[in-house]
Amino acid sequence: MTEIQLRNRGQIAEIVLDGPESRNALDADNLRDIAAAVAKVAEAIPSVRVLLIRGEGKVFSSGRDISNIDVDTDDAHAFLAEVFAPVFQAIRALPIPVIAQVQGAALGLGFGIAAAADIIYAALDAKFGSPFAAIGAMLDSGGHHVFLDRVGYHRTMDLIVTGDFMTGAEAAAAGIVSRAVPAAELSEFVESKLEKIVTGPAEAFALEKGFVQKIADERPSMTELLAEEAALQESARQTPDYAEGFRAFQERRSPNFE
């Protein structure tokens, strides 16, 4: 059984999938708990400036907990559309950077939770792919969008049909994750990035997150993109962070973003 823990470390919030004996498998209650934790993080902004999502034990998450599912009465549509999708959207909607720290496997729902983050740092030997052929199920949790976008039709079908996994190193090379490092160094590496993010320009990060998501979802033309970049840059110019950043550069010192 997996428990969802919400922990706060000053300006860093952590959502921890805590069920190493079940390989952090997730059921509907777990997803609702993640949604509740995300809502609490949203309420804590701007005191909280970054969210880390990670799993305890050897894996990030093996996916949906199907150990006690009655296949004859299970409503897969409701589970994904009414329980999982709102969690995915809530994570994406947070106006702060969200980092997923992935060791071991991130499969099914587990991959979906990681994919909802803005940045995925993975162990070199992490595992990504589609194990669903073994149980006659479809790839889900947003996996089709991510794999098709990053590795194309043929590699996506290969992963689906064979059930083979990509390593963290392969996933980083393909752009499915942000970066991959040796498993023993993953926690320290992520902590160094968290420390850097919490001292960064929070308002600019919020603008960037919304804009990058919009580009990814809507694929605007270059003309449309240039026009919106100009408008958003003017919005950024009016923030205290922008003024501080410029003054720090002109004075040859490190900025102190509030």
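Sequence positions, counted from 1, serve as the residue numbers for this chain.
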Treating Ile, Leu, Val, Met, Phe, Trp and Tyr as nodes and any side-chain heavy-atom pair under 4.5 angstrom as an edge, say whether [X] and [Y] lie in one connected cluster.
| X | Y | answer |
| --- | --- | --- |
| Phe147 | Val102 | yes |
| Ile53 | Val38 | yes |
| Ile45 | Leu207 | no |
| Leu26 | Phe60 | yes |
| Val161 | Phe165 | no |

Q.
Taking transitive links into account, so neighbours of neighbours count too, which hydrophobic residues share a cluster with Val71 at under 4.5 Å side-chain distance?
A.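 Members other than Val71 - counting any ILVMFWY side chain reachable under 4.5 Å - there are none.
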What I'd like to find out is whether the side chain of [X] reaches to under 4.5 Å of the side chain of [Y], using heavy atoms alone.
| X | Y | value |
| --- | --- | --- |
| Phe79 | Asp75 | no |
| Leu225 | Phe211 | yes |
| Pro240 | Glu203 | yes |
| Val59 | Lys127 | no |
| Gln101 | Tyr121 | no |

Q.
Run the side chain to side chain contact (heavy atoms under 4.5 Å, CB included) test against Glu56 and tell me which residues pass, sequence neighbours left out.
A. Arg7, Val16, Asp18, Pro20, Arg54
Euclidean distance, [Y] [atom2] relative to [X] [atom1], rounded to 0.5 Å:
| X | Y | atom1 | atom2 | answer |
| --- | --- | --- | --- | --- |
| Arg64 | Phe84 | CZ | CZ | 12.0 Å |
| Arg23 | Lys58 | CZ | NZ | 9.5 Å |
| Thr167 | Asp125 | OG1 | CG | 8.5 Å |
| Leu31 | Leu109 | CG | CG | 5.5 Å |
| Ile69 | Asp74 | CD1 | CG | 5.0 Å |
| Leu159 | Asp164 | CG | CG | 7.5 Å |

Q. If you measure from the Lys or Arg side-chain nitrogens to the Asp or Glu carboxylate oxygens, is any gap between Arg219 and Glu224 under 4.0 Å?
A.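 No.
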Sequence neighbours left out, cut at 3.5 Å: what donor-acceptor pairs do the side chains of residues 227-234 make with other protein atoms?
{"residue": "Glu228", "atom": "OE1", "partner": "Lys214", "partner atom": "NZ", "Å": "3.0"}
{"residue": "Glu228", "atom": "OE2", "partner": "Lys214", "partner atom": "NZ", "Å": "3.1"}
{"residue": "Glu234", "atom": "OE1", "partner": "Arg237", "partner atom": "NE", "Å": "2.9"}
{"residue": "Glu234", "atom": "OE2", "partner": "Arg237", "partner atom": "NE", "Å": "3.0"}
{"residue": "Glu234", "atom": "OE2", "partner": "Arg237", "partner atom": "NH2", "Å": "2.6"}
{"residue": "Glu234", "atom": "OE2", "partner": "Gln238", "partner atom": "NE2", "Å": "3.2"}

Kindly list each side-chain donor-acceptor pair under 3.5 angstrom involving residues 86-95, sequence neighbours excluded, with atom names and distances?
{"residue": "Arg92", "atom": "NH1", "partner": "Asp217", "partner atom": "OD2", "Å": "3.3"}

Give me the atom names and distance for the closest heavy-atom approach of [X] to [Y].
| X | Y | value |
| --- | --- | --- |
| Ala13 | Asn8 | CB-OD1, 3.6 Å |
| Phe128 | Ala171 | CD1-CB, 3.8 Å |
| Gly108 | Ser141 | O-CB, 3.6 Å |
| Pro131 | Leu107 | CG-CD1, 4.1 Å |

Q: Decide side-chain contact (heavy atoms from CB on, under 4.5 Å) for Ile4 and Leu17; before the verdict, give the C-alpha distance in whole Å, the side-chain angles of both, and the deciding distance to 0.1 Å.
A: CA-CA 5 Å; Ile4 305 302; Leu17 316 181; 3.7 Å; yes
(Q) Ignoring hydrogens and geometry beyond distance, is a side-chain donor-acceptor pair present between Asp241 and Thr239 at under 3.5 Å? (A) no
(Q) Listing request: all salt bridge (charged side-chain N to carboxylate O under 4.0 Å, His left out) pairs with a residue in residues 183-199, at least two apart in sequence or in separate chains. (A)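 Residue pairs passing salt bridge (charged side-chain N to carboxylate O under 4.0 Å, His left out), neighbours aside: Arg9-Glu191.
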**Q.** Listed once per pair and sorted, the salt bridge (charged side-chain N to carboxylate O under 4.0 Å, His left out) pairs that draw on residues 25-34, sequence neighbours left out
**A.** Asp29-Arg32
Other residues, nucleotides, ligands: >12 heavy atoms within 6.0 Å of [X] [atom1]:
| X | atom1 | value |
| --- | --- | --- |
| Glu244 | CD | yes |
| Arg49 | CZ | yes |
| Arg150 | CZ | yes |
| Asn68 | CG | no |
| Leu226 | CG | yes |

Quick check against the 3.5 Å criterion: does [X] have a side-chain atom that pairs as donor or acceptor with the backbone of [Y]?
| X | Y | answer |
| --- | --- | --- |
| Lys209 | Ile96 | yes |
| Gln213 | Asp118 | no |
| Ser61 | Asn24 | yes |
| Ser130 | Leu139 | no |
| Gln11 | Pro46 | no |

Q) What's the verdict on side-chain contact (heavy atoms from CB on, under 4.5 Å) for Val50 and Phe205, showing C-alpha distance, side-chain angles and the deciding distance? A) CA-CA 10 Å; Val50 63; Phe205 289 164; over 6 Å; no
